[in-house]
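Taking it in order: structure first as structure tokens, then the write-up.
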Amino acid sequence: MLHRQANDRRADCLAGVAAFKSVLLEGVEVVFIVIAVGAAHGQTLYASLGALAAFVLVMLIGLALHRPLARVPEKALKFVVGLMLTSFGIFWTDAHWPGDDLALLAIFAIVALASFAIVRWLHSAYPAAIGGLAR
Amino acid sequence: MNLVRLAVREFIGMFDDDGNLALLALLLIAAITAAVKFLALPPLFGGILLLIGCLAILVQSVRRAARHQ
């Protein structure tokens, strides 16, 4: 049966579309971040060049390490990326945070602790719902 | 046209998994921005309110999703 599934062109097409959507989403996020970082400091060109260099580097790394990368836990990766994006978004509100750039670490710590607490609460309060939410 | 509509819906869906969460986050940001710009709220207080507000919205979204499961 697995051999038959491996030769199913429709499964390949669906997997390709799903992978394309994920990569497209991440790529668009990079564009937003580059524009936000570059525009905030009047250095959109340098931010764009940095993003282009990062793109080339990630492509090369992805080609070289695509097999071990496939074993990286997807949910944990999304969780950490979400924490970082939320923290950076709050930090960039131009709030003149005490400690300047070090405040980013404190914001990240607060968001991370709160998120872990929410996950623990979810596990204890709705154990039956965890299976459906764990996607 | 159906294909275009489907593609646009898929594209928006990649960013907006929980519409309620996205809407509340946008409203929170707009409210704090208005308070800082027009009500002379100190930016640091605005940032702290944004942090607390984002976490509150997250808790509300998670509770709602868990109830629906």
Side-chain angles (χ1 to χ4, degrees), chain A residues 14 17-29 31-32 36 78-79 82-83 85-100 103-135, chain B:
Chain A
L14 286 172
V17 169
F20 174 74
K21 278 175 62 174
S22 297
V23 172
L24 177 63
L25 176 61
E26 298 306 323
V28 173
E29 284 180 14
V31 171
F32 285 153
K78 285 179 180 176
F79 187 67
L83 289 178
L85 287 175
T86 303
S87 302
F88 271 102
I90 292 170
F91 177 72
W92 281 334
T93 54
D94 194 25
H96 302 295
W97 299 100
D100 294 323
L104 177 60
L105 296 176
I107 293 169
F108 179 85
I110 292 170
V111 173
L113 283 172
S115 298
F116 278 116
I118 291 169
V119 170
R120 281 189 71 104
W121 167 78
L122 195 59
H123 269 283
S124 62
Y126 299 95
I130 294 303
L133 287 173
R135 50 188 164 96
Chain B
M1 191 49 113
N2 274 339
L3 188 61
V4 172
R5 227 179 281 140
L6 183 66
V8 169
R9 195 162 55 223
E10 283 295 317
F11 184 74
I12 292 173
M14 289 196 292
F15 293 93
D16 180 17
D17 186 40
D18 182 345
N20 191 276
L21 185 148
L23 181 63
L24 286 175
L26 287 174
L27 288 175
L28 175 68
I29 292 167
I32 291 175
T33 302
V36 169
K37 293 273 188 219
F38 305 117
L39 301 178
L41 178 72
L44 180 58
F45 287 157
I48 292 171
L49 284 176
L50 184 61
L51 176 60
I52 295 170
C54 284
L55 294 177
I57 291 170
L58 180 61
V59 168
Q60 185 260 352
S61 172
V62 168
R63 290 185 68 172
R64 198 161 27 81
R67 273 201 301 272
H68 287 158
Q69 287 294 322

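Protein chains get the first letters and strands the later ones, always in sequence-line order, with residue 1 at the start of each.
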From CD1 (Ile110(A)) to SG (Cys54(B)), nearest 0.5 Å: 12.0 Å

Shortest non-hydrogen contact between Trp97(A) and Leu44(B), atoms and distance: CE3-CD1, 3.6 Å

Atom pair CG (Leu50(B)) and CD1 (Ile90(A)), whose distance is rounded to the nearest 0.5 Å: 5.0 Å

Exceeds 12 heavy-atom contacts within 6.0 angstrom, atom CZ of Phe79(A): yes

Beyond-backbone contact of Val111(A) with Leu58(B), side-chain heavy atoms, under 4.5 angstrom: no

Heavy-atom check, side chain of Val59(B) versus side chain of Trp121(A), under 4.5 Å: no

